[in-house]
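First the structure, in the form of structure tokens, and then the observations on it.
Naming: A, B, ... by sequence-line order, numbering from 1 per chain. Predicted, not measured: the structure shown is a model, and the values here were computed from it.
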Number of protein chains: 2
Amino acid sequence: MTPTRTNSPVLVVGTGLLGSSVGLGLRRLGVDVLLADASPVALGLAADYGAGRIAPAASHKTAAPEDTPRIVVVCVPPDVAGEVVVAQLENWPDAIVTDVTSVKSAPLEHVRETGADLSRYVGSHPMAGRETGGPLAGRADLFTGRPWVVASHEETTVFGLQEVEGLALDLGSNVVSMTAEDHDDAVALISHVPQLLSTAMAERLLDDVKDASALAGGGLRDVTRIAASDPTLWSQILAANGPRVARILRRLAEDVVDLAGALEDMEKPGARRKVAEHMLAGNEGVARIPGKHGSRRTFTNVTVMIDDRPGQLARLFVEIGEAGINVEELDLEHSPGANIGLATIAVLPEVRQKLLDELDARGWKVAQ
Amino acid sequence: MTPTRTNSPVLVVGTGLLGSSVGLGLRRLGVDVLLADASPVALGLAADYGAGRIAPAASHKTAAPEDTPRIVVVCVPPDVAGEVVVAQLENWPDAIVTDVTSVKSAPLEHVRETGADLSRYVGSHPMAGRETGGPLAGRADLFTGRPWVVASHEETTVFGLQEVEGLALDLGSNVVSMTAEDHDDAVALISHVPQLLSTAMAERLLDDVKDASALAGGGLRDVTRIAASDPTLWSQILAANGPRVARILRRLAEDVVDLAGALEDMEKPGARRKVAEHMLAGNEGVARIPGKHGSRRTFTNVTVMIDDRPGQLARLFVEIGEAGINVEELDLEHSPGANIGLATIAVLPEVRQKLLDELDARGWKVAQ
């Protein structure tokens, strides 16, 4: 195997949402992508869709050199990921093999137990997805700007790690290095427990005999959105990470019961304080989630009142530009009935005062 | 009192998010709106913002006829709503009084206990809100297309009901009639329990020693979004609906513990089936939530790629302004490593093509 990343193809095994997206993203870069799938229908769709070409051979024994992958990306459901990884390690004795399933300890253990060549397997997990599945749900930019966990282990070679990290970087992801165990702890907390909570909340709506759901606002919709997720896929994911998820669920149930106890009699001493303390802890917890770009850069907001006319917004930006201040993020809102609009401008904290001074000098009104 | 809905003013007591929005919405229809608030700062801001004029008199004893409201809308925090309703019933002996707080049994009981004129009080609850508060968060279209519960009771007169329903309809809401008890059961399920679940999930993130939150995807963000809600306000809301909320929380905790039991050993007979059954019930539950109520915003988005430099954004807005196109909403995003930013501009559908043509003619690159 030559350690050049451009000559030999990448083989994608499994052409659902993730496999199709990997293929589309690599094709956009001009990489030769081979596709394989147990379902001829999915395979044909993915190829037609532009995710790559159908792999002419299933193993090195019959493959021409130009059809021999340097890296195999296994994008199959969690309950078969381990065995497909082992099969691919055998089929392609010179290739690095990775998988993209959402648990990392179970497939690693499976590969270790079968005695396959662990030095060529590096598990990974792109933290990206969509609510819909299948090859046609694939997007070339699905991974852009998203974290991609690469879970190296004791037998991982530098070359193997570079190949998998290179794949993630080529697809626009930010590489995050973690052990399989740390990864599985992390996803239990940030993915698997939220899924089951959303499910449990939605399940309560089945008791709704008075059609209260018709009044649902954004809060309930947000909390229950992922309750629509696929039970088959999720049973597989959860089966591979059960004890970690169960531990967090039990702690969470304790908090819920604690809240219920306080709410049963809010005149009890300390009951109101207990509810407020949980709410405050929730405020602190949610603040730990970084901003939407995965950046923890802390911008500061300045809200400017503007007349709701086309020229005003332009004048505001011309004047901010003249002051040499870069606007990091911007949110413009106005209500049809109001006399003014509100432009919320996010800037680096160190230029906040300068911005306030410049706005003031030019007669802009800052809200609050 | 004459049963015409157009001549006498509407008095809004409390000029936070809801009061300010009621005022803005009615002003847009040309209704004379009087504003009152215990805080002179909030009151002044709301009046400046266009939500109405400051009420010259606090009761019928000193008010001129043109400053005497036909309907009083109490928009104060839940823990003082009952007493403010009673005070307003006394201040304006010919007016219908409603309140917009998110629990309805407690204020009704309060009015009944004080012996005030219950025939002129009709509680109501617009199912609308935003994460931010204060007068400047107000929006004239906050209630458009949203349900507005009107909770009549035994003493409610037809005229009183018509006044409050008319207010809700004027503000673009869909009127939903419910008893105070049914309303409070409904909001326990669709608002108060989701709030506390979101809080409980976010609270778990405080145990996150390995910075898993940095990997957070859309699921966790959705589930925890409302965990950022105001603890003071929510303690008041929950205090007025505690036992109903507690009952649902306890059933929910049972489901969570049941799931934890299954997940602790997924090889146990029936464990996988149990998880799948909960997931399926969640699928069914979430399907009970109707689609988005009459989309409040019918703007169309155009995403423009811009160089991430101060002058570029200004140039974009100057040129959009020159084209005579009004920007309704705007979202600017860029990821720290990228060379380009994305400005997503919301415009009315009828000017979309013109905007695209103008952007194209001036050399701007539109994404997709």
Side-chain angles (χ1 to χ4, degrees), chain A residues 127 145 147 186 189-190 194 199-200 202-203 205-206 212-213 215-217 219-220 222-228 231 235 239 242 245-246 249-250 253 255-257 260 263-264 266 275-276 279-282 285-286 288-289 293 295 310-311 313-314 317-318 321 326 330 332 335-339, chain B residues 24 28 50 127 136 139-140 147 186 189-190 194 199-200 202-203 205-206 212-213 215-217 219-220 222-228 231 235 239 242 245-246 249-250 253 255-257 260 263-264 266 275-276 279-282 285-286 288-289 310-311 313-314 317-318 321 326 330 332 335-336:
Chain A
M127 310 296 289
L189 179 64
I190 64 154
T199 292
E203 213 170 340
L205 300 180
L206 296 178
S213 308
L215 303 176
L220 181 67
D222 283 348
V223 171
T224 58
R225 184 180 62 82
I226 52 173
S235 299
V245 177
L249 284 181
R250 287 203 185 273
D255 283 345
V256 170
V257 167
L263 287 163
E264 268 149 12
M266 285 290 269
V275 171
M279 291 284 308
L280 277 168
V286 71
R288 296 212 172 183
I289 302 176
H293 316 310
S295 124
L313 196 61
F317 282 98
V318 167
N326 201 11
L330 191 141
L332 178 68
S335 148
N339 301 327
Chain B
L24 289 168
R28 188 163 63 163
M127 310 296 290
L136 297 183
R139 296 291 175 263
L189 179 64
I190 64 153
T199 292
E203 213 171 338
L205 299 180
L206 296 178
S213 308
L215 302 177
L220 180 67
D222 283 348
V223 171
T224 58
R225 185 179 61 82
I226 54 173
S235 299
V245 177
L249 284 181
R250 287 205 185 273
D255 283 346
V256 170
V257 167
L263 287 163
E264 269 150 10
M266 285 289 269
V275 171
M279 292 284 308
L280 276 168
V286 72
R288 294 211 171 185
I289 303 175
L313 197 59
F317 282 98
V318 168
N326 202 11
L330 191 141
L332 180 68
S335 59

(request) Considering non-hydrogen atoms only, spot the tightest contact between B:Ala246 and A:Glu264 and give its length. (result) CB-CG, 3.6 Å
(request) Write down the atom of A:Leu220, the atom of B:Pro194, and the distance for their closest heavy-atom approach. (result) CD1-CG, 3.6 Å
(request) Check whether any side-chain heavy atom of A:Thr224 sits under 4.5 Å from a side-chain heavy atom of B:Ile289, and report yes or no. (result) yes
(request) Please flag which part of A:Met266 lies under 4.5 Å from any non-hydrogen atom of chain B: side chain, backbone, both or neither. (result) side chain
(request) Identify the two heavy atoms, one from B:Gly282 and one from A:Ala202, that lie closest to each other, and give their separation to 0.1 Å. (result) O-CB, 3.3 Å
(message) Heavy-atom pairs under 4.5 Å with chain A: which of B:Val245, B:Asp222, B:Leu189, B:Thr199 has the most?
(response) B:Asp222
(message) At a heavy-atom distance under 4.5 Å, which candidate from A:Asp255, A:Leu206, A:Val223 has the highest pair count against chain B?
(response) A:Leu206
(message) So which atom in B:Gly285 and which in A:Leu205 form the shortest heavy-atom distance, rounded to 0.1 Å?
(response) O-CD1, 3.5 Å
(request) Kindly indicate, with the supporting measurements, whether the criterion side-chain contact (heavy atoms from CB on, under 4.5 Å) is fulfilled by B:Val256 and A:Val256. (result) CA-CA 10 Å; B:Val256 170; A:Val256 170; over 6 Å; no
(request) Using the test side chain to side chain contact (heavy atoms under 4.5 Å, CB included), find all partners of A:Ala228 that sit at least two apart in sequence or belong to another chain. (result) B:Val286
(request) Work out which heavy atom in B:Ala212 is nearest to a heavy atom in A:Ala186; give both atom names and the distance. (result) CB-CB, 3.4 Å
(message) Minimum heavy-atom separation for B:Leu215 and A:Met127, please, with both atom names.
(response) O-CE, 3.7 Å
